[in-house]
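Since the structure comes first, as structure tokens, the remarks are kept for the end.
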Amino acid sequence: MISLPLNPEQREAVDHPEGALLVLAGAGSGKTRVLTARVARLIENGVAPEHILAVTFTNKAATEMRERIAELISHSIHGLWVGTFHSIAARLLRRESYHTSRDRWFTIYDKDDSARALKEVMEALGHDPKRWSPRAVQNRISSAKNSLVEADQYASSAFDVLSSVVADVYPAYETMLNRRNAYDFDDLLLECVKLLEGTTDVADRYASQFIHVLVDEYQDTNHAQYRMVKAFAARHRNLCVVGDDDQSIYAWRGADLNNILDFERDFEGAHVVRLERNYRSTRSILEVANAVIECNVGRKPKRLRTEREMGHPVQVVHCADERQEASWVASEIERLLTTYRVNNFAILYRTNAQSRAFEEAFRRQGLPYRIVGGVPFYERREIKDVLAYLRLVVNRSDDAAFQRAIIWPRRGVGTKSLKRLAALAMQQQRPLFEMACQVDGLDGISKVACRGLRRFTEGCEALRALLPTLTAKEALESCIETFGLASALSEEEDGADRLENVSELLATTAIFVRESVEDADPEASDLELYLQSAALRTDLDEQDFDSEAITFMTLHNAKGLEFPIVFLTGLEEGLFPLTRALESEGGLEEERRLFYVGVTRAMDLLALSYVDQRWRAGMQSHSIPSSFLGELPAEHLSKRVVGRSRQGRSQSRKQLRGSFRGSPSIGLSHAVPGGASFSWHRETLQRAEGSARDGGQEDGEVRYDYGDSQVPLELSPGARIVHPQFGLGEIVKIYGVGQEMKAEIDFEKVGRKKVLVVHAELRPA
DNA sequence: TTCCCTCGTATTTTT
DNA sequence: TACGAGGGAA
């Protein structure tokens, strides 16, 4: 039997025999445990693995679930269907390609590919992409697809000028994707639903196969996903969904909260289990979380409980600007490192752009960090370029891949030849690749370009012939070799990094081959699976959270994770809640749920920070504290001010007053609570006392002077520095900014060199 | 054709 | 700030 400790509610959910089951699982209540235990229990009870389908949102969740189930039981789980909505949809579309308009070698377009395709379509139809941004059109089409509105139906729902453009573009875009044998992200779901609802024998086959269907994070399902689930569970009606309406944070992407709110009405006789025992956070943290979420109206009432101790109060930290915020967090972490490990910390923020200040501060202090999200690995230029070759070899109709590959490395084919080729292809309704194969003698294309194209297509064809004998890794290596991609990269300015990324890609490809052997879909080739996973993989899946580093990420990425210590930063009105997000209906409640998600990530210690001034979009902006801060129970908070920016202070004080006026839950005269349990801040307090003497305290707030202890490394021509390998040198020139910043340096021993400042670890001489 | 520079603009979250 | 697009020069 399964040896997994479960509380009574968890057990009820795991043991519930048949029919519809809704598990309302609060944050940290052991929802993954329930899901995995339930699948394990089903298998132990004799349900064959291939009759069970478990759907998640992220690859990471899917992998984890598979592993945990395997650990729990002695049976083999071979044949079990575990995957994300998108990967399962892709798998179905591949298996059933006979019933669809594409063949099984279809390409999956990511956002970038599809935006480019849209731009092309818009230009062809005479819609100026500058007047209507392809991104906006893309969003419209995306939400249409998520609501299962197809191209031909869209026109009837057009209600403004943009939507009339979309109504025009959408069908042409669909035609283009079809011609290219490609699906975009949303198509996977839409086409899968069409397949299931429109093809009786396919629907029957899957509906009878899946005796049990389980869905994780049900609150994040959109309409297409909902219909997918419904179709899968149509026959046996053993549907178990797990979710938390309070953690629904993807409404902007089409998630429909009503899916979970209406579940009981939707599946009559559904049994409901509530998991309200939290095993993660201290009471202080939970009280704050509960107070936050209770401000929302549209939710199922519930309240998290914990048996943990009160713990430290939640810190509310006021800084002058984002640099000080970052420095404070860094120094706080440094101090806590005596009792915690670096991977116990997470820094969360609303927008990716906020990571920069933290990167700088952490680099300065020599603290290791990892950024989850940002520029995802699979969206890096070199990675997309290399993969484009493989995509094109596999699917010759993939014009997006063709355009990418032909441009780089340079081979005498420029925009002019490409335009000409595209015009001819358009005229004859044929893929670019085919056009390029017979380019000789076509007018408008130079001799040089012809030669380049010929060598290119011949290379592709030669590779294509070899393909059946190659593993994914070998195929990728052949691409790199045939087209001299590695040497082309190494000639580029920052080629070393890019080359490294490509080797990393090869390494993950090698690992992939091993994993895919275990994958339950025996019909799919190694390469098909590889390209699919490369298209659907996200940054989150690549992260190794065990490695020794502090994690930086957006709140969205943090869902489902937990950390002993969490810094939730940038709590300013306009940034969090984000103004843009407030424009949509229910926006504020969704932002609040996001805040709730952030708060509930913390196990032991939580700090919330906000600043007076912040650089946003190249402009210095003043901000007032987030209205969320006014919703917190004062008895579980401790407040402090960091830094001593002169104007910043007087100004912020006014803003603080204004912002909190009329909110009784937080008082400015509120001093440090918590008495004895304040060891976290002992050192802070001592320093604060010191500064209180010379600087003075106002309103009972604890002041902590960060002061000028940080001397930033001066990087300007003439400055003398030390490089760990090259030794002493003098800076000649600085160019580039941020990550890209490079320094040209005259070294005493090794002469003049260019180094990437990010990696160089320069110190003042 | 390609490279480089300048200019303009857009800046949320992402399976 | 930061990236892409577009223009101009080699």
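Each chain gets a letter, A, B and so on, in the order the sequences are listed, and its residues count up from 1. Just so it is clear, the model here is predicted, and its values are computed rather than measured.
For B:dT13, the base has no donor-acceptor partner in the side chain of A:Arg580 [N/O atoms by modelled type, under 3.5 angstrom].
As rounded to whole Å, 12 Å separates atom P of C:dG4 from atom CZ of A:Arg135. In this structure, A:Arg350 atom CZ and B:dT14 atom C1' are separated by 11 Å, rounded to whole Å. The nearest whole Å value for the distance from the CD1 atom in A:Ile371 to the P atom in B:dT14 is 13 Å. A straight line from CG of A:Leu588 to C1' of B:dT12 spans 16 Å, rounded to a whole angstrom. B:dT13 atom P lies 10 Å from atom CG of A:Leu575, rounded to whole Å. One can place CZ of A:Phe85 at 16 Å from C1' of B:dT14, the figure rounded to the nearest angstrom. If you measure from atom CG of A:Leu418 to atom P of C:dA5, you get 14 Å, rounded to the nearest angstrom. If you measure from atom CZ of A:Phe595 to atom P of B:dT13, you get 19 Å, rounded to the nearest angstrom.
Once the 5.5 Å centre distance and the 30° plane angle are applied, the aromatic ring of A:Trp252 is found stacked with the base of B:dT13.
A:Asn557 has a side-chain polar atom (N or O) that falls below the 4.0 Å cut-off from OP1 or OP2 of B:dT14. Between A:Asn352 and the phosphate of B:dT14, there is a side-chain N or O to OP1/OP2 separation shorter than 4.0 Å. For the OP1/OP2 pair of B:dT14 and a distance below 4.0 Å, the side-chain nitrogens and oxygens of A:Thr554 include at least one atom meeting the criterion.
Taking atom C1' on both nucleotides, C:dA5 is separated from B:dT12 by 24 Å, rounded to a whole Å.
Using a 4.0 Å heavy-atom distance criterion, A:Thr84 is classed as making no nucleic acid contact.
When each of A:Glu174, A:Glu150, A:His223 is checked for a side-chain hydrogen bond (donor to acceptor under 3.5 Å, both in side chains) with A:Lys145, only A:Glu174 meets the rule.
Between A:Asp245 and A:Arg299, no side-chain nitrogen of the basic residue sits less than 4.0 Å from a carboxylate oxygen of the acidic one, so the salt-bridge criterion is not met. By the 4.0 Å N-to-carboxylate-O rule, A:Asp321 lies too far from A:Arg614 to be salt-bridged with it. Using a cut-off of 4.0 Å between Lys/Arg side-chain N and Asp/Glu carboxylate O, A:Arg356 and A:Glu359 are scored as not salt-bridged. A salt bridge links A:Glu590 and A:Arg593; the closest N-O separation between the charged side-chain nitrogens and carboxylate oxygens is under 4.0 Å.
Around CH2 of A:Trp615, the count of heavy atoms belonging to other residues, nucleotides or ligands within 6.0 Å does not exceed 12.
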Polar atoms only, N or O, under 3.5 Å: list the protein pairs with nucleotides 1-3 of chain B and their distances.
unit_1	atom_1	unit_2	atom_2	d
B:dT1	OP2	A:Ser417	OG	2.4
B:dT2	OP1	A:Gly412	N	3.0
B:dT2	OP2	A:Arg410	NH1	3.2

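The distance from atom CD of A:Glu562 to atom CZ of A:Arg601, rounded to the nearest 0.5 Å, is 8.0 Å.
Nearest to the side-chain atoms of A:Tyr250 among the listed nucleotides C:dA5, C:dT1, B:dT14 stands B:dT14.
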